[in-house]
*Asks:* 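Encoded as structure tokens, here's the structure I'll be asking about.
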Amino acid sequence: MSWEPDPTGARLGDRSLFVGLEPFAYVNHAAISPMSGEVRRALFAVMNTYSRDGLSAFLTWQPQRERLRARLARLIGADPSELALMPSTTRTVVDTALSLPWKAGDRIICLRGEFPTNVTPWQRAADTFGLEVVMLDADAFRTDAGLDALRAELARGARLVAVSAVQFQTGLAMPLGAICEAAHAAGAEVFVDAIQAVGVVPIDVRALGVDYLGCGSHKWLMGTEGAAFLYVRTGRELVPRTAGWLSHEEGTRFLFEGEGHLRYDRPLKRDVSVLESGAINGLGFAALEASVACIEAIGVEAIFEHVQRYHDALEPGLLERGFVSERHATQRSGILSVRPPAGIEVGAIARGLRERGVACTTPDGRLRFSPHWPNALAEVPRVLAALDDVRG
Ligand SMILES: Cc1ncc(COP(=O)(O)O)c(C=O)c1O
């Protein structure tokens with residue numbers, strides 16, 4: 001592998017790494033990030049190696065994935081041995097939900113309003129293992145009422161709290177430290193869906209006390225779909241119910257070392273990499289290292305501040321036009337969501353904006369803007385002008 005990430009072209013407010021990106025304001029990173037030239041360079045490097053070498057490219061790219069694991073661990077304050085490379089955020093939840101050492105009757109606290117990724121797998125685990133899912137209201141965490149309701153529910157007994165770091169519709173950053181503290185005090189653990197946070201909101205799993213965290217690449221990490229990672233805090237026990245051929249120690253020896261190594265009794269790996277059960281998305285994980293290197297070079301704190309300046313510029317213009325902001329005074333993220341004035345349909349506005357070069361989305365009736373490090377503050381007046389044009 002001669003490829004190395006090169007983040008030297010990554011600068012706040014400068015989209016010159018995104019040659020060919022059509023919308024003049026791509027404020028849709030909470031949906032899918034466009035690919036930078038650096039991501040494309042990584043993808044071509046993998047493709048070129050496989051085109052030339054076939055099987056041996058598999059071995060060539062293995063060290064790159066270990067380098068990525070170390071970078072991802074650094075990004076969230078974890079140890080590389082606590083991370084598994086996975087195919088999607090959803091699979092991180094599914095595999096965790098299937099692998100916890102449940103006891104019949106265990107209770108799981110989920111939040112109404114969350115993306116279904118962090119609810120469906122817990123419901124399926126409840127059906128499979130005889131558990132109970134209790135729903136609280138995510139939006140209640142705008143005030144202390146959310147934590148009060150959580151503590152009351154925890155007092156009834158719970159094994160796990162499943163929460164997103166940032167709510168996908170409203171952009172509300174959840175009080176993860178307080179949630180983990182309350183959960184641990186009651187003997188419960190916390191699973192965090194962090195795909196709407198990592199890359200734009202600083203996250204330190206150790207300082208927050210997070211037990212499990214899943215995150216995909218294609219939003220704020222600016223990689224591709226089909227690559228994700230799972231953090232499992234050291235000491236948390238998994239029952240390897242989703243293990244596969246690559247979950248064994250020395251599981252590939254039979255391919256390379258001649259006769260007599262094909263065995264089914266090799267011990268399973270003891271850390272979270274036991275969940276890396278089959279062939280891995282080499283393209284996606286090379287792309288992810290390219291995009292994470294850019295994020296690291298700029299710094300997540302600087303990106304967060306930059307995005308807040310963008311929202312600070314955009315929000316007043318939206319309020320003047322009758323939209324109602326859902327941005328919290330302190331629990332902020334990369335997402336600025338607004339509700340439309342009465343009688344206005346957000347789908348039509350988003351389509352009109354798209355035709356005028358502004359890419360945003362409409363989760364559950366909100367107009368959602370999600371800029372990242374390449375967005376320039378100078379875009380904002382043009383975004384508002386496009387909005388005026390759409391509304392006539
Ligand atoms: C909070 C949240 N979790 C999970 C997902 C889906 O992630 P994946 O497709 O990686 O499973 C999304 C959006 O697509 C999301 O907003």
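Bear in mind that the values here come from a model prediction, so they are computed numbers and not experimental data. Order of listing sets the numbers, starting from 1, for every ligand and every atom in it.
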*Asks:* Tell me whether the guanidinium CZ or amine NZ of Arg382 lies under 6.0 angstrom from the six-membered ring centre of Phe24 and within 45° of its axis.
*Replies:* yes
*Asks:* Heavy atoms, side chains only, cut-off 4.5 Å: are Leu255 and Phe58 in contact?
*Replies:*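 Side-chain contact under 4.5 Å: no.
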*Asks:* For ligand 1, which atoms have a heavy atom of Thr117 less than 4.0 angstrom away?
*Replies:*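 Those of ligand 1 that fall under 4.0 Å from Thr117 are 3 (N), 4 (C), 5 (C), 6 (C).
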*Asks:* Counting each atom of ligand 1 from 1 as listed, which ones have a heavy atom of Ser88 under 4.0 Å away?
*Replies:*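 Reading through ligand 1 atom by atom, the close ones are 10 (O), 11 (O).
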*Asks:* Yes or no: does Glu225 have any heavy atom under 4.0 Å from an atom of ligand 1?
*Replies:*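 Flag not set, Glu225 not near ligand 1.
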*Asks:* Got a donor-acceptor contact below 3.5 angstrom from the Arg67 side chain to the Pro63 backbone?
*Replies:*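 It does not hold such a pair.
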*Asks:* Is it true that Glu153 and Arg107 have a side-chain N and a carboxylate O under 4.0 angstrom from each other?
*Replies:*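 Result for this pair is yes, salt bridge flagged.
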*Asks:* Starting from atom 15 (C) of ligand 1, which protein heavy atom do you reach first, and at what distance in Å?
*Replies:* Phe115 CG, 3.4 Å
*Asks:* Which ligand 1 atoms are under 4.0 Å away from a heavy-atom of Phe168?
*Replies:*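 Reading through ligand 1 atom by atom, the close ones are 16 (O).
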*Asks:* Give the numbers and elements of all ligand 1 atoms closer than 4.0 Å to a heavy atom of Gln196.
*Replies:* 1 (C), 16 (O)
*Asks:* For ligand 1, which atoms sit closer than 4.0 Å to a heavy atom of Lys219?
*Replies:* 12 (C), 13 (C), 14 (O), 15 (C), 16 (O)
*Asks:* Please tell me if the side chains of Val300 and Val201 come closer than 4.5 Å, counting only heavy atoms from C-beta onward.
*Replies:* no
